[in-house]
Every structure is written in C-alpha cells, then in structure tokens.
Chemist: 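One structure coming up, written as structure tokens, with questions to follow.
A, B, ... follow the sequence lines: proteins, then strands. Residue 1 opens every chain. Atoms considered below: every heavy atom in the structure, side chains included; atoms not considered: hydrogens, waters and symmetry mates. Keep in mind the model is a prediction, meaning the values are calculated, not measured.
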Number of protein chains: 2
Amino acid sequence: MKLSQVGEDRLLEQLLPSLSIRKNVLAAAGDDCAVVKLPQSDNVLLLKTDCVVEKIHFESATDPVLVGWKAMMRPLSDFAAMSGLPQWALVTLIVPATRSTTWVKKIYRGLNSAAKRFGVSIVGGETSNTRGPAVISVSVAGFAEKNRWVSRGGGKAGDDLCVTGRLGCSRCGKHLRFIPRINESRWLTKNFSIHAMIDLSDGLGADLPRLARVSKLGFKIDLESLPLNRGAEIRNAISDGEDYELLFAISPRDRARLQKSWHKKFPKLPLTQIGSFVPPSSLIPHPFPGGYVHFQ
Amino acid sequence: MKLSQVGEDRLLEQLLPSLSIRKNVLAAAGDDCAVVKLPQSDNVLLLKTDCVVEKIHFESATDPVLVGWKAMMRPLSDFAAMSGLPQWALVTLIVPATRSTTWVKKIYRGLNSAAKRFGVSIVGGETSNTRGPAVISVSVAGFAEKNRWVSRGGGKAGDDLCVTGRLGCSRCGKHLRFIPRINESRWLTKNFSIHAMIDLSDGLGADLPRLARVSKLGFKIDLESLPLNRGAEIRNAISDGEDYELLFAISPRDRARLQKSWHKKFPKLPLTQIGSFVPPSSLIPHPFPGGYVHFQ
C-alpha cells in the first residue's frame with residue numbers, strides 16, 4: 001500500500017505503539033509536543049520538531065525570510081498548544097548545492113527574528129546537500145510547569161470548545177506571517193483551568209476530531225458560529241489548515257469570566273465558543289469534511 | 001555565490017555568530033551537541049539534530065531498516081563525542097506519497113532497534129510529503145553531568161591525540177551498521193580527564209582541524225600510525241568520512257594507564273595514538289587533504 005492511501009494519523013498509530021516508551025515520558029507522539037520528566041525540577045521538558053518542505057509548505061519563489069519565519073513558528077505553535085515556554089532551537093537546513101548563499105542567509109534572518117520574538121536561542125545549525133526540494137526542519141526544547149502544561153486528552157463532556165482568532169484562507173498570506181499564540185496560551189493557563197488544547201495546523205476538520213479522540217469524547221459544532229477570515233467560507237475554516245490558532249476545552253462555568261477578561265486582555269483578538277464536547281456515545285449527525293490530511 | 005562554492009563550516013560561521021545566544025547556553029553551534037543549563041539540576045541538557053537524505057547519505061535501494069538505524073545512530077554518535085547520555089528522540093520523516101508503507105515501517109524498525117540499543121525513547125513522530133528524495137531527520141535530547149561533558153575546545157598543547165577503532169572505507173558497509181561509541185566515551189570520562197573530543201563523521205582531514213581550531217591549537221599527525229580498516233589506505237582514513245569513531249585529546253601523562261586499562265576493558269577495539277596537539281604558532285608543513293566537505 002502506498003502512503004497516499006493512508007492518512008498520517010493512521011500510519012503513525014500503526015508505527016508508534018510498538019516503540020518502547022519509558023516511565024519518565026508523560027506525553028509522546030499523539031500530542032502537540034513530547035513531555036518528559038526532569039529529575040529534581042518543578043518543570044517538565046517539552047520537545048517538538050517540525051519541518052517545512054519546498055513545493056509543499058512554501059513555493060520556490062516565496063520570500064525566504066518568510067519561509068524561515070514560518071519554519072520556526074510552526075513548532076512554537078505546538079508549544080502554545082501545550083502552554084509551554086520554548087527555550088532552544090536546532091535548525092536543519094537541507095538545500096541543493098546550487099542554491100545561493102543569499103537565499104540561505106535570508107532563511108536564517110527569518111528563523112532568527114521569529115526565535116527572538118519569543119526569546120528562543122538557536123543553539124545549533126546543520127546543513128545537508130540534497131538533489132531535491134529544500135527542507136527546513138526546526139526542533140525546539142523548552143519548559144512548562146509540572147502542573148500547568150495542557151495535553152489533548154483532558155477534555156470533559158459538556159466543556160465549551162473555543163477558538164482564538166479567525167479561521168480559513170491562511171494560504172492568502174497568514175501562513176507565512178502568523179504569530180503563535182504563546183502569550184495567549186500562557187495567560188489562559190495562568191487564569192483558568194484549560195482541560196485540553198491543540199493548535200489548528202491541519203484545519204478544524206482534522207484537528208477537532210483529534211482532540212476529541214484523545215479526550216475520548218464526541219463533539220458538536222455550530223458551523224454558523226465559526227469566526228472566519230476575510231474571504232473565507234465555512235468550508236475554508238474547516239479544511240484549509242495552517243490557521244495556527246488555539247482550540248481548547250474549558251468548563252462552561254468559566255464562560256462569563258473568560259469572555260470578559262479575554263476581551264480586556266486581548267481586545268483585538270476574537271475568542272469564539274464554537275461548540276462543546278459531548279459524551280462519546282452521543283451520535284452527532286454531522287457532515288464534517290476532513291481538514292488537510294497529509295499524503296492525501 | 002552558490003552553496004557549492006562555500007564549505008558548511010564557513011557558511012555556518014557567517015550565519016551563526018549573529019544569532020542571539022543567551023546565558024544559559026554552554027555550547028552551541030560549533031560543537032557536536034548544544035549544551036544548555038538546567039535549573040536546579042546536577043546535569044546539563046544536550047540537544048542534537050541530524051538527518052540523512054536519500055541519494056546523499058543512502059541509496060534508494062538500501063535496506064530501509066539499515067537507513068533507519070543510521071538515521072538514529074548519527075546524532076547518538078554526537079552524544080558519544082560529548083560523553084552524554086541520550087534519552088529521547090523525535091523523528092521527522094519526509095517521504096514521497098508514492099512510497100510504500102512497508103518501506104516506512106522498515107525505516108521505523110531500524111530507528112527503533114537503534115534507539116533501544118541505547119535506551120532512547122522515540123517520543124514523537126512527524127511525517128511530511130515531498131516531491132523529492134526522502135529525508136529522515138532525528139533530534140535527540142539527553143543529559144550529561146555538569147562536570148563531565150566534553151567539548152571540542154579544551155585541548156592543550158602537548159596532548160596526545162587518540163582515535164578509537166579503524167578508519168576509512170566506511171562506505172563499504174560500516175556507515176549503515178555502526179555503533180556509536182557511547183559506552184567507550186562514558187568509560188573514558190569516568191576514568192580519565194578527556195580534554196577535547198569529536199566524533200569522526202566528515203573524515204579525520206576535516207574533523208581534526210575543527211577540533212584544533214576550537215581548541216586554538218595546531219596538530220601533528222603520524223600518517224603511518226593511522227589505524228586502517230580492511231581495504232583502506234591512508235587517504236581513505238583522511239577523506240572518506242562516516243567513520244563514527246572518537247578522536248580525543250588527553251594528557252600524555254595518562255598514556256600508559258589509558259592503553260593498559262583500555263585494552264583490558266575493550267579488548268576487541270583498537271585505541272591508537274595518531275599524533276598530538278602543538279602550540280598554535282607551530283608551523284606544521286603537512287599535506288592534509290580535506291575530509292568530506294559538504295556541498296563540495
């Protein structure tokens with residue numbers, strides 16, 4: 001069977017349970033970052049790696065400064081999803097030998113300004129030759145407080161499901177300039193009990209079912225309530241992907257206080273309740289076309 | 001200027017000093033792993049990422065189990081170079097959608113058996129589509145004791161330069177089956193003061209000058225003393241690369257004790273003194289053809 005006939009999730013499900021997981025691992029594949037215990041520490045260590053591939057995640061003609069920005073911000077968005085604080089990044093640049101040094105320097109300029117924005121140090125750089133498209137892979141390590149990091153798996157039936165910002169049409173430009181919701185996420189976990197969280201990278205239609213599956217719940221969504229970017233329709237909000245907004249579950253008891261204090265703290269950024277978690281047995285007849293699915 | 005006209009070291013030298021390095025970073029680009037401080041801990045955190053690229057580091061027809069093995073063992077060899085203990089790995093697999101799932105499963109079988117050999121947990125897996133050659137990128141985090149990790153920069157004039165194992169002709173097969181010298185490195189730092197160390201991945205002709213440059217020293221080498229693999233000549237030992245052996249600097253006062261106890265502990269693995277560090281001003285007329293240099 002070819003990869004194009006299998007989704008990424010299904011493939012990784014087949015591959016990863018066979019891997020030996022040790023006791024000091026708190027979250028592994030299947031969450032936004034890996035979370036591991038640090039001896040003698042009040043923090044856990046968060047690890048994440050992500051890559052952008054030419055002709056898949058960016059066009060060859062795209063401004064390389066923006067490509068570098070995106071390559072760094074993608075894993076940082078996963079830190080936002082777990083309410084972690086990224087600290088150090090390693091960069092792997094796989095580039096054809098015919099590419100200009102100027103292009104590579106611009107990639108680094110983008111990587112560096114993105115890293116600076118969140119106080120991340122680039123502590124290692126590798127380069128490799130290739131005979132194919134360029135790849136920029138960034139892996140990031142950082143911390144979260146033991147009792148503060150948020151997994152995908154803590155949702156409760158009845159929880160409100162909320163998203164930050166607006167969805168859809170990211171490919172019009174936002175996907176190259178987005179700012180991961182780290183500050184928003186840290187504020188959320190400082191002031192509220194966030195039960196489960198994910199960043200919307202593959203589209204609501206793919207990422208919400210993931211969040212629900214790990215939380216062992218069903219969900220219902222009010223499609224009309226979805227906050228849309230200019231030019232986007234509901235189907236874009238569901239399937240485009242690359243929104244890099246947060247989707248999280250929170251008790252409805254916190255609804256009034258959350259809305260009020262959010263708008264005070266982040267007056268320019270919408271926060272929208274789009275639905276809720278329901279018990280897993282509930283049959284929700286819901287036409288939910290898949291989000292962007294790798295290999296398909 | 002094209003990348004093919006610049007070496008990897010020169011390019012990274014141009015790119016990396018401009019990056020903001022924070023105080024809790026003990027070693028960054030320019031050493032085998034990044035080393036950062038962990039608050040409240042007797043350990044430092046080591047971070048390393050490395051990749052293998054189809055048609056560059058392996059052939060398309062190569063057994064994917066061996067490709068996975070190599071992809072995991074390459075960054076672990078950098079842990080050996082710093083006498084660190086790898087703990088957790090993240091895997092990024094960039095594969096054309098037309099590749100078979102069997103191929104991917106075999107890659108993971110190789111990754112997993114390599115990780116198990118050193119007690120490393122694979123805690124995350126990402127996949128991405130590509131229209132080019134496959135890439136397997138592995139990033140690893142682990143520990144070393146605060147006072148035990150070894151950098152490239154601690155060599156002293158007069159130090160013996162020693163290598164483990166035999167050099168050259170790695171492409172005959174060893175590059176797909178090698179075992180990083182982690183146990184040997186840990187034994188060395190437990191029993192001796194190792195001043196500087198590096199793993200030989202680009203060939204002695206590239207890696208020894210790196211070690212000397214970071215240690216701000218010159219070196220002399222007895223080419224006739226180089227331990228050669230079967231079929232290898234001196235030029236192979238210098239330029240082939242992918243030896244994944246350790247090159248380290250140690251006081252000549254330890255020479256007798258080192259040789260005696262090494263041969264008792266690792267009777268099947270040669271340890272060879274191949275030369276020594278000399279003051280930086282010494283002019284050593286030495287025809288030292290470059291090792292494998294990326295992009296050239």
Chemist: Looking only at non-hydrogen atoms, find the nearest pair between A:I56 and B:T130 and report the distance.
Modeler: CG1-CA, 4.1 Å
Chemist: So for B:T101, is it side chain, backbone, both, or neither that comes closer than 4.5 Å to the heavy atoms of chain A?
Modeler: both
Chemist: So, taking the atom named OG in A:S137 and the one named CD1 in B:I136, what distance separates them when rounded to the nearest 0.5 Å?
Modeler: 12.5 Å
Chemist: For residues A:P133 and B:G132, report the shortest heavy-atom separation together with the two atoms involved.
Modeler: CD-CA, 3.4 Å
Chemist: Taking atom CZ as the centre, does B:R186 end up with more than 12 heavy-atom neighbours from other residues, nucleotides or ligands that are less than 6.0 angstrom away?
Modeler: yes
Chemist: Looking only at heavy atoms, what is the nearest atom pair of B:Q87 and A:N24, with distance?
Modeler: OE1-ND2, 4.3 Å
Chemist: Between CG of B:N43 and CG of A:L38, what distance do you get to the nearest 0.5 Å?
Modeler: 9.5 Å
Chemist: Between A:D42, A:V91, A:T98, who has the most heavy-atom pairs with chain B when the cutoff is under 4.5 Å?
Modeler: A:T98
Chemist: Please determine whether a side-chain nitrogen of the Lys or Arg among B:R131 and A:E54 lies less than 4.0 Å from a carboxylate oxygen of the Asp or Glu.
Modeler: no
Chemist: Heavy-atom cut-off 4.5 Å, strictly under: side chain, backbone, both or neither for B:L45 against chain A?
Modeler: side chain
Chemist: For A:D31, which atoms come within 4.5 Å of any heavy atom of chain B: side chain, backbone, both, or neither?
Modeler: neither
Chemist: Testing the basics here: between B:Q40 and A:S41, what is the closest heavy-atom pair and its distance to 0.1 Å?
Modeler: OE1-OG, 3.6 Å
Chemist: Most heavy-atom pairs under 4.5 angstrom with chain A, which of B:V35, B:V104, B:L90, B:T102?
Modeler: B:L90
Chemist: Sort B:I94 into side chain, backbone, both or neither according to what part of it lies under 4.5 angstrom from a heavy atom of chain A.
Modeler: side chain
Chemist: Of all the heavy-atom pairs spanning A:T49 and B:E126, show the shortest one and how long it is.
Modeler: O-CG, 3.4 Å
Chemist: If you count every heavy atom of other residues, nucleotides or ligands that lies below 6.0 Å from A:R148 atom CZ, does the total exceed 12?
Modeler: yes
